[in-house]
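All chains are named by letter (A, B, ...) in the order of the sequence lines, taking the proteins before the strands, and each is independently numbered beginning at 1.
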Protein chains: 2
Amino acid sequence: MYKTLFDHIEKFTPLKPFEIEILESGLGITKIKKKQHVLQEGQICNTMYFITKGCFRQYIINNKGTEQTLQFGIESWWITDYLSFHNQTPSHFYIQAVENSEIIAIEKPVLESLLIQIPKLERYFRIVSQKSFGAAQMRIKFLFTMSAEERYNHFKNQQPDFVQRVPQYMLASYLDFSAEFMSKIRAGKV
Amino acid sequence: MYKTLFDHIEKFTPLKPFEIEILESGLGITKIKKKQHVLQEGQICNTMYFITKGCFRQYIINNKGTEQTLQFGIESWWITDYLSFHNQTPSHFYIQAVENSEIIAIEKPVLESLLIQIPKLERYFRIVSQKSFGAAQMRIKFLFTMSAEERYNHFKNQQPDFVQRVPQYMLASYLDFSAEFMSKIRAGKV
DNA sequence: TGAATTTCTTGAAGTAGTTCAAGATTTATA
DNA sequence: TATAAATCTTGAACTACTTCAAGAAATTCA
């Protein structure tokens, strides 16, 4: 439902009815099945994705062939590779649905046209991305200062529901330790 | 010099003479001496800093009492704690001059007023922060996939001049290993 | 439902890094 | 220019994790 997006925008800047109309006429909702990719490594990322339902992750495959999740996104999150999007360079990342999901996919030219028609969207995206950057800085802080067990407990306290929502091995890699070690943490064997 | 900032803005969106005038009349340049802080842990961050000359770092003090640098900023970079800035919550970070430096400091109310007078600044800050977020994602990728030595070599290849510019122990903590280990990497003793 | 797939667990062995302590070198300052 | 302060180096002991391998449990779907 578009409402998820309109509500999110209105957290930061109010929308007039005609602006909502423009958005409704320009956007579409796409269903994405679990495990389906919306971006693969090497592709140029030309789309921003707003998640209206479900869960996605951004991950890489390291040189041992193991997947490492860098970022999760759930309802009301934007997910994309901003560097590839802005610089038109091949992406380093995969973006994949973790659950059956629904997204609003906005292609770069459509976004540019919406930003011209509804300039206050610039403000919306500014604030969203500044907050995302702030969150990324906190993430780096946690990675730097906490032990594996502390990172797991901290995450579980902050996002108790989310821990149930994704496979343990994905969460382990997001927290930067191995799936096996996650098992041991949970079993209290560390 | 303001020119550093105007040039940076014009990389993303052109400025008209009257807009430059508004900026010139509303902004000021501050000199910050080496080691001086512009933000301390626990403070609410109400200012964005644009570096016109010199070098800053954002760091934390971990529970062993050691400083860990999360981010460096040099000429034409913005540095602030966006999370504290937006949510008006106490900052987790210190921001400190690494060299004698000059910055344009913009207080939150001044920024808000500038954004109203010059709406295209929303676009400027949107693009800058989206690119910063993209860079933070790449940083996390490197932290996840490379060994300490690889991270050092990669950084040195990307930013050969910068390696000379800051103390080794600061760079070591930025790359997430100990100062002693940095010594051993450089001596080829690993 | 049953077979296939995905996910989770466990222990043993290994290692990439840390920590500590002390001295050497470089840089800043009175 | 001498003294203090900051930064860098080195080796030895340690440890928080990884890797591997194999089986167990849970989930998916024909």
Exercise. Given side chains that start at C-beta, do those of A:Lys141 and B:Leu70 come closer than 4.5 Å, heavy atoms only?
Worked result: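 A:Lys141 reaches B:Leu70 side chain to side chain.
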Exercise. Are any of A:Lys189's side-chain N or O atoms less than 4.0 Å away from OP1 or OP2 of C:dG11?
Worked result: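 For A:Lys189, the contact criterion (side-chain N or O under 4.0 Å from OP1 or OP2 of C:dG11) is met.
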For this session: Test side chain to side chain donor-acceptor pair (under 3.5 Å) on A:Ser84 and A:Ser91 and set out the steps.
Result: CA-CA 5 Å; A:Ser84 172; A:Ser91 178; 4.9 Å; no
Rounded off to whole Å, could you give me the [atom1]-to-[atom2] distance for the [X] and [N] pair?
| X | N | atom1 | atom2 | answer |
| --- | --- | --- | --- | --- |
| B:Lys34 | C:dT27 | NZ | P | 10 Å |
| B:Ile185 | D:dC8 | CD1 | P | 14 Å |
| A:Asn100 | D:dT28 | CG | P | 10 Å |

Problem set entry | Sub-4.0 Å heavy-atom contacts from residues 149-184 of chain B onto DNA chain D, ordered by number |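 Close to the strand are B:Pro167, B:Gln168, B:Tyr169, B:Glu180, B:Ser183, B:Lys184.
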For this session: State whether B:Glu112 and A:Arg123 are salt-bridged, where the test is any N-O pair (Lys NZ or Arg NE/NH1/NH2 against Asp/Glu carboxylate O) under 4.0 Å.
Result: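 Here B:Glu112 pairs with A:Arg123 in a salt bridge, since their nearest N and O are under 4.0 Å apart.
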Problem set entry | Distance-only donor-acceptor check, side chains A:Ser129 and B:Ser129, under 3.5 Å |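 Their side chains do contain a donor-acceptor pair, which is all the 3.5 Å distance test asks for.
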Exercise. Between A:Ser25 and A:Glu21, is any side-chain donor less than 3.5 angstrom from a side-chain acceptor?
Worked result: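 Checked: A:Ser25/A:Glu21 side chains show no N/O donor-acceptor pair below 3.5 Å.
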Exercise. Under a 4.0 Å heavy-atom cut-off, which of residues 59-70 of chain A touch DNA chain C?
Worked result: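 Residues of residues 59-70 of chain A under 4.0 Å from DNA chain C: none.
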So, do [X] and [Y] have ring centers that fall under 6.0 Å from each other?
| X | Y | result |
| --- | --- | --- |
| A:Phe72 | A:Trp77 | no |
| A:Phe177 | A:Tyr152 | no |
| B:Phe56 | B:Tyr49 | no |

For this session: Compute the angle between the rotation axes at the two ends of the helix from C:dT1-D:dA30 to C:dA30-D:dT1, each taken over five pairs, rounded to 10 degrees.
Result: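 Computed angle between terminal axes is 60°.
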Exercise. At their closest point, which heavy atom of B:Arg165 faces which heavy atom of B:Gly54, and how far apart are they?
Worked result: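 Where B:Arg165 meets B:Gly54 most closely, the heavy atoms are NH2-O, 3.0 Å.
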Exercise. When you look at NZ of A:Lys53, are more than 12 heavy atoms from neighbouring residues, nucleotides or ligands closer to it than 6.0 Å?
Worked result: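 No, not enclosed.
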